Every structure is written in C-alpha cells, then in structure tokens.
Amino acid sequence: MEYEAVIGLEVHAQLSTRSKIFCACSASFGSPPNENTCPVCTGMPGVLPVLNRRVVEFAVRTALATSCTVQKRSVFARKNYFYPDLPKAYQISQYELPLALAGHIDIELNGGTKRIGITRIHMEEDAGKLVHEGEFAGAQASLADLNRCSVPLMEIVSEPDIRTPEEAGAYLRRLRDILVYLEVCDGNMEEGSFRCDANVSVRPKGQEKFGTKAELKNMNSFRNVEKALEYEIRRQIERIEDGGKVVQETRLWDAAAAVTVSMRGKEEAHDYRYFPDPDLLPLMVEEAWVEELRKTIPELPGEKVARFVKAYGIPRYDAWLLASSRSLADFFEASAAVYGANPKVTANECIHWKDAVAAGRLTPETIAHAVEDRESGAISATVSKTLVELAIETGKPIRRIRDEKGLTQVSDTGALEEIAAKVLAANPKEVESYRNGKAGLLSFFVGQVMKETRGKANPRIVQEVLKKKLGV
Amino acid sequence: MHEWTLLEAAQKVRANEISSRELTRAVLERIERLNPAINAYITVLAEKAMRDAQSCDEALAKGLVRGPLHGVPVGLKDIFCTRGIRTTCGSRILQNFLPPYDAAVTEKIAASGAVLLGKQNMDEFAMGSSTETSCFGPTRNPWAIDRIPGGSSGGTAAAVAAGMCFAGVGTDTGGSIRQPASVCGVVGVKPTYGRVSRYGMIAFASSLDQGGAVARTVPDAAVMLSVIAGHDRRDSTSVDIPVPDYLAATEKSVKGMKVGLPREYFGAGGLDPAVRAAVEKALASLAEQGAEAVEISLPHTEFALSAYYILAPAEASSNLARYDGVRYGYRAETDGGLIEMMSKTRAQGFGAEVKRRIMIGTYALSAGYYEAYYGKAQKVRTLIRRDFESAFSKVDAILTPTAPTPAFRLGEKLADPLTMYLSDIFTIPCNLAGIPGISVPCGISPDGLPIGAQILGNHFREETLFTAAAAIERAIPLPRVAPL
C-alpha cells in the first residue's frame, strides 16, 4: 500500500528585542548565569508582568508578512506546570485567543509552488535553563540559569498541509528567511533562537482521515528536522504494515543515533490548567497601528525573487541565492544600479563574494566597476579577481588600485604589434609549423604575448594582431 | 497619646508639639505591652522605627516635611514586600523570606514620611476571616480577647483598634479589610480595583486583591488611602485616573444622596438582630442628614459566595505554585529527588486552609471541569457586576451590614470552613464587581462588641463612600480605641 505523511510544524522563534517580554531585563544571549534577572523574571512573591510593546510590534509584523489576520483582542493565559527552570510555575502564553490567525506561506519545490497554511501566531515567554552536574566546572548539583526566563518567543503553528520532509524543510527555510528579513528574529537554530517541533502522522494515500500523530521534539537544524521526519514516517509505516498501531505520544529525535525515541505517552500528557492571566488585561491592537506597521514590511524573499527574475533577467536559482539574505540582495541591486549592462555577471559576482559582502568589506561600486572594466576589456578576468581581493584587503576603490598597480589591460594595437613581432621572430620553427597548417599553435603565440605583457594584454586583440602578422 | 487620630498626630508632629521619636517610642511601648496578648504584629521594627523617627525629626528641624504623614508611626499587613525586611504572608513557607524589593505601597508609605512600625499578622496568604490560619498564631480582638479580630487583615485592624499604630494598610480580596474593621470597631476602606498598585503585594487572587486603608476615623482612612492610591506602570491592572481629595469628601453633606438598601442583604438568614438594628440606626442617621433611602434589588447576590470560592481558589492555585522550595522560602529536607523536595516543601510549608483552596482551585481549572466551574463562575461574576451597574443607575451608594455577626469566638468556626466562609457573604460581591466599599462603626452589640455598616459605591466613587461614612461617624459617636 502507498502511504502519505501529514505534517504540521510548530516553530518557536525568539524575538530579537532588547528587553524581555514582561520586564526590563536584557534579553541578550551569552551573559554570565543569572545576570539578566530581576524580581519580576525570577518570580519573586508580589511581582507583576508588564507587556513589552516591541514584542507585540514584532509579532504583528510577522503576522502581516505571513498574511495572517491580526486579532483586535487577544488574551494572555497562564500555562501551569512545575519545573525548576520556570520560577512562577506557570508560563505566560496565549491560548484560546492568540494574536493572529489564518495566514499562509508559499514554498517552492521541484519547480512548483505550494501554499502552506498558518493556523495561528502567538506570543509567550521562554523558560530558564538548567545546568546539570558535570556540565560545568564545579557543578555538584543541578543549577538554574534564569537569564532566558521571560525572553520573548513567538509561536507559529502551521496547518497540517505538509506532506514530505522536503516540504517541511522548504517551509522552515522560507519562514526563517521571512523572520530574518523582518529583523524580528536572528534565525539561529544552534543557539535556539529558531526551534521547531513537528506533528506527524501517516495514512494510506487517498484516505481523508488523519492517522494517529506523534509529536517530535529536539531537532536543532533544518537537516535534523528532515532526517527526523524521514525516520518517523518510515517507523510509523513499518508499524502499521507489521499489523501494529501508532500510539499518540511525544518523541525525541536522537541525532547521534538517528532515531526518534518515546518521551511520554498520551496518559502522561500534562494538564496545563490554562486560564486567562488576571495580571494582564486583554491585549487590544488598534487597526491604525496595524496599518502603520504594514508600511514597515519590507519586500519579502518570494516577491524579491520574482522581481529579480523579471527586472534583471537573471536565473531563478541565482535570484534565490541573492534573496536568501536581505543585505546581499540589496548589495546586488546597488551594484546593478552603478553598472547595469550585464546583471547576470553582476549577480554571479555578488554570489561569489557573498561572504565579503556579509562582512561589510565590499562596496557595490567595487563589484560594479570590476564587471564594467571586464566587459569593456579594460581588465581581464584574472586581473578582476586579483583587484577585488585587493579591494577587500585594503578597502581602496578598485579603479585606484588598478591604476596604481598598472593593471589596465593593454588594448593598444601598436604596442601589441611590436611585442607580437618580437614573439614571432623568437620562434621561427613554430611560425613555420603554423603556416604548414598546425592551427593550434595560435594559442601558444597568444600565451607568449600575454607572458611578455604580464597578463595585461587583451587576449582578443592579441589574437587579431597575431593572425594579421601570420598572414592568415 | 495613642488615642490621637492619624491627622492629629501628623499635625502635632508638624507643629513641633511632639517629636516623631516621642510619638514612635510611645506606640512601640504600647506594642511591647500589648502585643504578647493580642499578637497583632508578626515583626516589630523597633530599632528601625526609632532611627526613621529620628531622621524625621532632623528633617523637620531643617524645615523639611516629607509628606502628609511626616513622623507618624503606621503599620503594614505582612503581605506587602519590604526590602530586606522579613515578609511572611503569615505562612511557614515564607517564614524567613527577605524580599529584594519594596512593594509600591511600601514606597508610598515611605514617601508620605510615615514611620513603619512593623509587619502585621494575617491569615495565611490572606485566606481566612479570623486571622487564625496564620502560622504565627492567631491575633485576638482588642475588644474581647477570646474573640477573633476578623480577617484576613486582622492584625492591622486589631493594631489600629488597640492603639498600636495610628493607621495601617491591609488588603481585601473578599472582605479582608472591611470585615476585620467591622468586628474591631475601626474604619476600613477597599477602593476600586485598580486604585492601589498591586506591585509587591503578595498575590492571593489577582483579579480580586486590592490594597486599602484601616484607621480609627473616616478622615484618617481618607488620608491614608490618598497616600497609597495612584497609577503605577508596574501593575498593568492599575488605573490612570487622578486621585481626588478624599479628605475634602469627608466634610461634604449627604443631603440629597440616594442610599440603596438591597433587600437580598437584609433578608439573609444568619443576620444577627443586633447587627440589623445598628445598621438601621446608621440608615436613620443618614436620613436625618438629608439622604434618601431607596429599596433596591441585587438579584444575583445568592450566587456570589459560590462564584468567589471557585475564582479566588483558581487564581490562588496558580499564584501559589511558585512556592516550590527551589529559589526562596522554606525548603523541606529530603533525600529524594526534585519532585519529592517540591511536594514535601509544599506539604510542610502550607497550612490546611491554603491547601484546601489550592486543591479546590486546581480542580476547578482542570481539563474537562474548566467550563463547568471557572467558566460558569466568570459568568456569575458578570451578572453580579451588572446587578451593581443597574443599582448605581438609581442610587449613589448602597448601605448593608459589613458582617452578619459581631466578632465570634476563637476556634468557633475554624473546623467548619463553610460557616467561616459565610462571614464574608456581604463583602464578597463588591470584590467580584471591582467596586469600592467601606466599613464604618455604627453600634455596639449587647455583648459590648463593635458592629460595622458597609457602604458600597460605583467604580472610582470613593468620595461618595467617605461622605456617607463620615456622616454616620459624626452621628453615632463610638470609642475609637478598644477599652483595654
């Protein structure tokens, strides 16, 4: 029997606000343990949360960028459970009434486009972190680091529209690109600022009813998400084919062993006793503010790719490579604005030098002038590469380096004729062979001329001059 | 000296008739003498109070008056966090807890120039109507030492009634300021929800908790409330509405004021005849001064207690979950793991009443029961709020008894929670609706016990309460300090 998988993803994105969601503590990563804490985020008796407006702004912008409907009224709720990294013994989240509903993201796969629905987007606070014995020098017991407590998170829940691990990967990459474009999340999966849980089930192809799902956790890279889904889908199909049943449970991905293992079953599922947090009033989002924020949404990756293909005539694949980073795409456009005669070459150059672009060590003029000089024949491809490297190293304008080093290509036929005559005079045997029909020797003469000019000669003109002199 | 009103004491200090040190020393001596019997204070800050009094005297010598309560000693219920000063909430689980910060109310009291005498006894986590659930032992009623002082702010009411402070700040979730004020013969005011910042006030039931003043006279209560009221950005439920001149309101006439008498409150079984008679006398005094009595109905009153005992425990079960022994407070000794440490800590750290309410609240919020309990109780709450909205379209204030009986005996109701809960039957609807309420002494029972009348007003109409309560106070003169 043929099976298909049904996958829904829950993404937790850490919002890159300066302060936490309910207090003024810094939300930065990597501070010494418990440095970014105060009575509020450590859950002292009597403290109260105050919502960070910036967090709402970031979440609303994400909702707009994923075509969700922003709710005028949403409610923060308490999710109650005991754990030493959760100082209040409840997490403030949104439950019945989230900030945004019913959006979508379009993904591209195998030349086609597929729309993945987004069920909801809500805001919540993160928990702290436990450091266990042996994990850090001198630790004799488990210790709690509460720096991460109340760092703002946004949960983005997809519809169960995803059918394959590849689609899941494409969805996650697209979602991350959007968040990074919006500058609301740094998208770093290893540091945990972009985390993903997956709900996955299988069913015979053609059947409408969903199978029993498992929830997968602990996947800390896109590749791991894909691998875990591949494994889990295979495991569920095998279970059914062996006459067994899939049980509803939470499973952890063990990346080292490349398997998923059961963490807890349905019976052990927590009853979180959600209820509206009486310390926070319902969140009212004014329509005028939403409209104001709508104006701050930049062109998103998908739109950018479409425009690049149309406006610059560059291949779709290259457009995606450029659009994968907002700064690289902007850099490309700035270069093409300086010299726009051959955007394809400009695009290639930008992609080739993307690391230097990201590091801020190249100006759009450098790439534009390099391409322009090459196109005009003023420099060769080899020299172009050398010049860009020198520009990265010294930070000087590329044309000044070119002139200082005397690396302009020699296209002056008079000068080249002299050198060509010298080369031919020095190689009488080869000249004879050539005249007797050994045409391949032309490149030998070209190489000799190039050598004499230390690479500065324009190869096209050298050929012309040589052919004329050899009388062919 | 201890019989002076708060206003008199403040005026005398400012006029250099007495130093803050003399005044503070006198009250501290009274505390030293009476507290062993009354147990109104959990913590007495004798040295700190004397230091602060000296600093007030020095400031005054330079012509500096810090605020309206400059140099006057007052007390705080032990539910308000005080930086570096033990704050217990009457619980073993916070027996040695030193808060790293001050509550908004603590800051405001300091800014008023008052001298803090100490932290006053209370029912554990404010859960109780008799101050018997405190892990520091019960507080006794200064009017009759074998009787309860009411609760949960029983320590504050007893201290005010015994002259062990000039005024205090308590909290009121279902009557915890008004009921003790009533049975201790003092004035207690719970303002509109959102008037006094809850920041640093240890939470019992967040949507109902509200700080308020306890004092010996209505003008004193008015001054005390104006000190602690006001918007605070650290409390998202705090309301940004200017605080009016409450003291001026105590001098206004009740002429033309429409006073509603809810028939459901006076028809209730269990209403002591002496209480009924005293409240009727209060009504008569208002009528004599030109107020008009109007019979009204608050039809959903009978459901208030049940709704309250779902909502308050539900919120409490979540608010009190943080006391797990991990970061602060009591931690049980155990060789077991994390779960055992947490459950033993809570089993040993909380008293019976607190555990009962955590159990009720946890149950009410559980999957499958939420709608039937919490959801339904919220609906009842809405109906009760509407009852009051409709009443206040007809009347300016509502007059009721504060408590159905005068102070009962220690231990009398401790074993029977349901009977105990009925002590708050007249005060709870006010918290559910979020409206302000005041209790003012209006008589003495044949047993010689004080009786209070409750006046309720519309949202942010505390001034109406002060006007009406002051009129009753002027008409029915009663001893301000318990005859100890």
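Since we're looking at a predicted model, the values are computed, not measured. Lettering follows sequence order; numbering is per chain, from 1.
For the 3.5 Å distance criterion, the side chains of B:S206 and B:N319 qualify, holding a donor opposite an acceptor.
In this structure, the portion of A:Y274 lying under 4.5 Å from any heavy atom of chain B is its backbone and not its side chain. Heavy atoms of B:F97 lying under 4.5 Å from chain A belong exclusively to its side chain. For B:D209, no part lies under 4.5 angstrom from a heavy atom of chain A. Only the side chain of A:N80 comes within less than 4.5 Å of a heavy atom in chain B; its backbone stays farther off. For B:A367, the parts lying under 4.5 angstrom from a heavy atom of chain A are both the backbone and the side chain. If you measure heavy-atom distances from B:L94 to chain A, the contacts under 4.5 Å come from the side chain alone. Using a 4.5 Å cut-off between heavy atoms, B:M201 contacts chain A through its backbone alone, with no side-chain atom that close. No part of B:T87 comes within reach of chain A, as not one of its non-hydrogen atoms sits under 4.5 angstrom from that chain. For A:Y90, the part lying under 4.5 angstrom from a heavy atom of chain B is the side chain only. Contacts of A:P39 with chain B are made by side-chain atoms alone, with heavy-atom separations under 4.5 Å and no backbone atom involved. Neither the backbone nor the side chain of B:Y369 comes within contact range of chain A, judged by heavy atoms closer than 4.5 Å. For a residue to count as touching a neighbouring chain, one of its non-hydrogen atoms must lie under 4.5 Å from one of that chain's; by this rule B:Y199 touches chain A with backbone and side chain alike. Heavy-atom distances place the backbone of B:R233, and not its side chain, under 4.5 Å from chain A.
Rounding to the nearest 0.5 Å gives a distance of 4.5 Å between CG of B:D78 and CD1 of B:I42. Expressed to the nearest 0.5 Å, how far CD1 of B:I435 lies from NE2 of B:H459 amounts to 7.0 Å.
Between the A:N52 side chain and the A:K20 main chain, a donor and an acceptor come within less than 3.5 Å of each other. Between the A:Q94 side chain and the A:L99 main chain, a donor and an acceptor come within less than 3.5 Å of each other. Side-chain atoms of A:E215 do not come within 3.5 Å of backbone N or O of A:E249 as any donor-acceptor pair.
In terms of heavy-atom pairs under 4.5 Å with chain A, the best-connected choice from B:S207, B:A203, B:S366 is B:S366. Taking A:D279, A:L51, A:T42 one by one and counting their heavy-atom pairs under 4.5 Å with chain B, the maximum is reached by A:D279. Across A:G43, A:C38, A:P49, A:C23, the residue that shares the most heavy-atom pairs under 4.5 angstrom with chain B is A:G43. Heavy-atom pairs under 4.5 Å with chain B peak, among A:P278, A:A144, A:A89, at A:P278. For the options B:C81, B:S318, B:P100, B:A364, heavy-atom pairs under 4.5 Å to chain A are most numerous at B:S318. Between chain B and the options A:D277, A:L281, A:L86, A:V47, the largest number of non-hydrogen pairs under 4.5 Å is found for A:V47.
The number of heavy-atom neighbours closer than 6.0 Å to CZ of A:R54, taken from other residues, nucleotides and ligands shown, is 12 or below. The neighbour count for B:Y373 OH, taken as heavy atoms of other residues, nucleotides or ligands under 6.0 Å away, does not exceed 12.
The ring of B:Y370 has its center no closer than 6.0 angstrom to the ring center of A:F275.
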What do the steps show when you test B:S153 against B:K77 for side-chain hydrogen bond (donor to acceptor under 3.5 Å, both in side chains), and what is the final call? CA-CA 7 Å; B:S153 310; B:K77 185 178 183 176; 2.9 Å; yes

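Under the 30°/60° scheme for interplanar angles, the aromatic rings of B:F350 and B:F125 are found to stand perpendicular.
The pair B:R357-B:E315 fails the salt-bridge criterion, with no side-chain N (NZ, NE, NH1 or NH2) lying under 4.0 Å from an Asp/Glu carboxylate O.
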